[in-house]
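Order of listing sets the numbers, starting from 1, for every ligand and every atom in it.
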Amino acid sequence: MAKNTLDQKMQQIVSLCRRRAFIFQSSEIYGGLNGCWDYGPLGVELKRNIKAAWWRDMVTERQDIEGVDCSILMNPKVWEASGHASSFTDPMVDCMQCRGRFRADHIVKNQCPTCGTKDKFTEVRLFNLMFKTYVGALEDSSSQTYLRPETAQGIFVNFDNVVNTCRVKVPFGIAQIGKAFRNEINPRNFTFRSREFEQMEMEFFVKPDLEEANKWFEYWKQERYQWYLKYGIKQERLHLRPHEENELAHYAAGCADIEYDFPFGRAELEGIANRTDYDLKRHSEVSGKDLKYFDAEAKTHYVPYVIEPSAGADRATLAFLVDAYEEEPENERTVLRFHPAIAPIKVAVFPLVNKEGMPELAEKLTKTLKKKWHSFYDDKGAIGRRYRRQDEVGTPFCLTVDGETMKSNTVTVRQRDSMAQERVAVDQVVGYLEKQLTGI
Ligand code: ATP
C-alpha cells in the first residue's frame with residue numbers, strides 16, 4: 001500500500017478508537033500528556049481479554065508455569081544489579097534549530113526529522129529511560145528509586161520464594177502481567193511507543209546448558225508466534241526475526257523478535273531472549289543471597305538459564321485492532337473482525353420495535369446473556385444502523401427480537417463476518433452461542 005494510504009488507515013483507526021471508546025488521550029481535557037493513553041469502556045474490555053488470553057495460555061492451562069504480581073516500586077538495588085541504573089539509556093541529540101529531541105540512531109543523513117535542518121545537532125548524550133521517584137517523606141538520594149522499566153526483575157527477585165513454596169521443578173516458568181514505565185525520548189505511533197505501558201512477561205528457567213537452553217528458546221519462539229495467529233493475526237503480517245550478532249544484549253545468548261506490519265512500518269510486538277544465568281547471578285552478587293537451585297534428580301546445585309518471552313499488552317492490543325480493521329464500502333460498513341475470544345462485546349440484543357413486548361423480552365435475554373458474556377442491549381435507531389454500530393466495534397453476534405419471536409419463541413441471530421442470519425429458539429441461544437464462541 002502507498003504511504004499516504006497507510007497514514008490514512010492509521011488515522012482512521014485512531015479516530016475509530018476515540019469515537020467508539022477504545023482509546024483516549026490521557027488527561028485529554030488538559031491537553032493530554034505525551035506518551036500516555038487511557039483505555040475507554042470498549043478498549044478496556046479488549047485489552048483485558050488479550051491479557052486474559054495470555055494468562056490462560058501461559059499460566060492457567062499449563063502445569064509448568066506459575067504467576068506473580070509484584071510491586072512497581074522496588075528496592076533501588078534491584079536496578080543496580082540488573083544494570084538498568086547504569087546502562088538503560090538511549091543515545092540522544094537535540095536539533096539546535098527546532099529544539100526537537102531525537103534518538104541519535106533514528107537520525108537519517110544528519111537531518112532533523114521535524115524541521116529538516118541538516119547538521120545542526122548537539123553532541124550525543126546518554127539519557128536514562130527510568131522514571132525517578134522518592135519513597136517516603138525525604139527527597140534525597142537515600143530515598144530515591146524508580147518506576148520499574150520492565151516486569152521481569154520482579155520475577156527474578158522472587159525466584160527463590162517461588163522455588164521454596166510451590167514445588168516447581170526445572171524446567172519451569174514464572175509469569176507476570178503489569179505496568180512498566182520508560183521515559184521514551186520520542187513516544188509515537190499512537191500507543192505503540194508509550195511512556196506508561198503494560199508488559200506480559202514470562203521467565204522460563206532451564207538447566208544451564210546451552211543445548212537445553214537452545215531447545216527451549218526454539219520452543220518459545222514457535223509458541224509465541226503461534227499465539228498471535230491463534231487469536232486471528234494474519235500470518236502474512238507477522239514475522240519472526242532473529243537478532244543480528246551486533247543487536248544482542250551483552251548477556252544474551254540469542255534473541256528473536258516477533259514483528260508485525262503496522263501501517264507505520266514493521267515493528268516489534270514481542271522479544272524472545274535467552275538471558276542465560278545473567279540476572280540471577282547478578283542478584284546473587286548484589287543481594288548476597290544464594291539463588292542456586294537444587295536439582296534433586298541430578299543432586300546438584302546450579303543457577304538456571306532463562307528463556308524470556310516478553311510481550312507488550314498495548315502493542316498486542318494495537319496489532320489486534322489494526323489487523324481486525326476492514327472497510328467494506330460495498331456493505332456500507334467498517335468492521336473490526338476480532339476473534340471472538342478478544343472481542344469487547346460478544347453479543348448485542350435488539351428489539352426490532354419498541355412495542356408489543358419486544359423490549360421487555362430483549363432486556364430479559366440480555367440479562368441472561370450478561371451472566372456469561374459482555375453483552376449489550378440497544379433499542380436506538382433503524383435495525384441496519386444498529387448492526388453497523390456493532391460491526392464497527394467487532395461484536396461477533398447480534399440477536400434480534402422481532403414479530404416472529406412473539407409467535408414462535410425464536411430470535412434472529414446475525415453473524416458479523418458473513419452477515420448471515422438464522423433463527424434460533426430463545427431457550428437454545430446460550431448453548432448456540434457457547435458453541436460459536438468456543439475458546440473463551
Ligand atoms: P523497542 O526497541 O521498541 O524500544 P525494546 O526492545 O526496548 O523495544 P523490550 O525491552 O524487549 O523492548 O520490552 C519487551 C516488550 O515490551 C516489547 O516487545 C514491547 O511489546 C513492550 N514495550 C517496550 N517498550 C514499550 C513502549 N515504550 N511502549 C509500549 N510497549 C513497549
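Residue-environment remark: CD (Glu332) stays at or below the threshold of 12 foreign heavy atoms within 6.0 Å. In this structure, Lys207 places its NZ atom where only 12 or fewer heavy-atom neighbours from other residues, nucleotides or ligands lie under 6.0 Å away.
Ranking protein heavy atoms by distance to atom 21 (C) of ligand 1, first place goes to Gly312 CA, 3.8 Å. The shortest contact between atom 19 (C) of ligand 1 and any protein heavy atom is with Arg315 NH1, 3.4 Å. Of the protein's heavy atoms, Arg182 NH1, 3.1 Å lies nearest to atom 7 (O) of ligand 1. With hydrogens left out, the protein atom closest to atom 17 (C) of ligand 1 is Glu268 OE2, 3.4 Å, a heavy atom. Atom 22 (N) of ligand 1 has as its closest protein heavy atom Phe197 CE1, 3.5 Å. Shortest contact from atom 28 (N) of ligand 1 to any protein heavy atom: Ser194 N, 3.0 Å. Residue, atom and distance of the protein heavy atom nearest to atom 14 (C) of ligand 1 are Ser310 OG, 2.9 Å.
Of the candidates Asn186, Asp90, Leu269, Leu318, Leu269 brings a heavy atom nearest to atom 20 (O) of ligand 1.
Under the 4.0 Å criterion applied to side-chain N and carboxylate O atoms, Asp94 and Arg99 are not assigned as salt-bridge partners. Electrostatic pairing of Arg241 and Glu247 counts as a salt bridge here, judged by a charged N lying under 4.0 Å from a carboxylate O.
Arg315 forms a cation-pi arrangement with Phe192, by the criterion of a distance under 6.0 Å to the ring centre and an angle within 45° of the ring axis. For the pair Arg224 and Trp220, the NZ or CZ position fails the cation-pi test of under 6.0 Å to the six-membered ring centre and within 45 degrees of the ring normal.
The shortest N or O to N or O distance between Gln199 and ligand 1 is under 3.5 Å. Of the N or O atoms in Glu201, none lie within a sub-3.5 Å distance of an N or O in ligand 1. Below 3.5 Å of separation, one finds an N or O of Phe192 facing an N or O of ligand 1.
With ligand atoms numbered from 1 in the order given, ligand 1 contributes 18 (O) to contacts under 4.0 Å with heavy atoms of Glu270. Below 4.0 Å from some heavy atom of Glu184 lie the following atoms of ligand 1, by number and element: 24 (N), 26 (C), 27 (N).
By the criterion of a heavy-atom distance under 4.0 Å, both the backbone and the side chain of Arg193 are placed next to ligand 1. Residue-level proximity to ligand 1 for Glu150 is absent, since no heavy atom of it falls below 4.0 angstrom. Using a 4.0 Å cut-off between heavy atoms, Asp257 makes no contact with ligand 1 at all.
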Using residues 24-35 as the side-chain source, report each donor-acceptor pair under 3.5 Å to any protein atom, sequence neighbours left out, with the distance given to one decimal.
{"unit_1": "Glu28", "atom_1": "OE1", "unit_2": "Arg18", "atom_2": "NH2", "d": "2.7"}
{"unit_1": "Glu28", "atom_1": "OE2", "unit_2": "Arg18", "atom_2": "NE", "d": "3.3"}
{"unit_1": "Glu28", "atom_1": "OE2", "unit_2": "Arg18", "atom_2": "NH2", "d": "3.4"}

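For the ring pair (Phe, Tyr, Trp, His ring centres under 6.0 Å) with Phe205, the lone residue among Phe172, Tyr293, Tyr305, Tyr302 that qualifies is Phe172.
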Can Asp391 and Arg414 be said to form a salt bridge (charged side-chain N to carboxylate O under 4.0 Å, His left out), step by step? CA-CA 11 Å; Asp391 290 341; Arg414 182 253 197 195; 2.7 Å; yes
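For Asn49, the side-chain hydrogen bond (donor to acceptor under 3.5 Å, both in side chains) test picks out no residue, with sequence neighbours left out.
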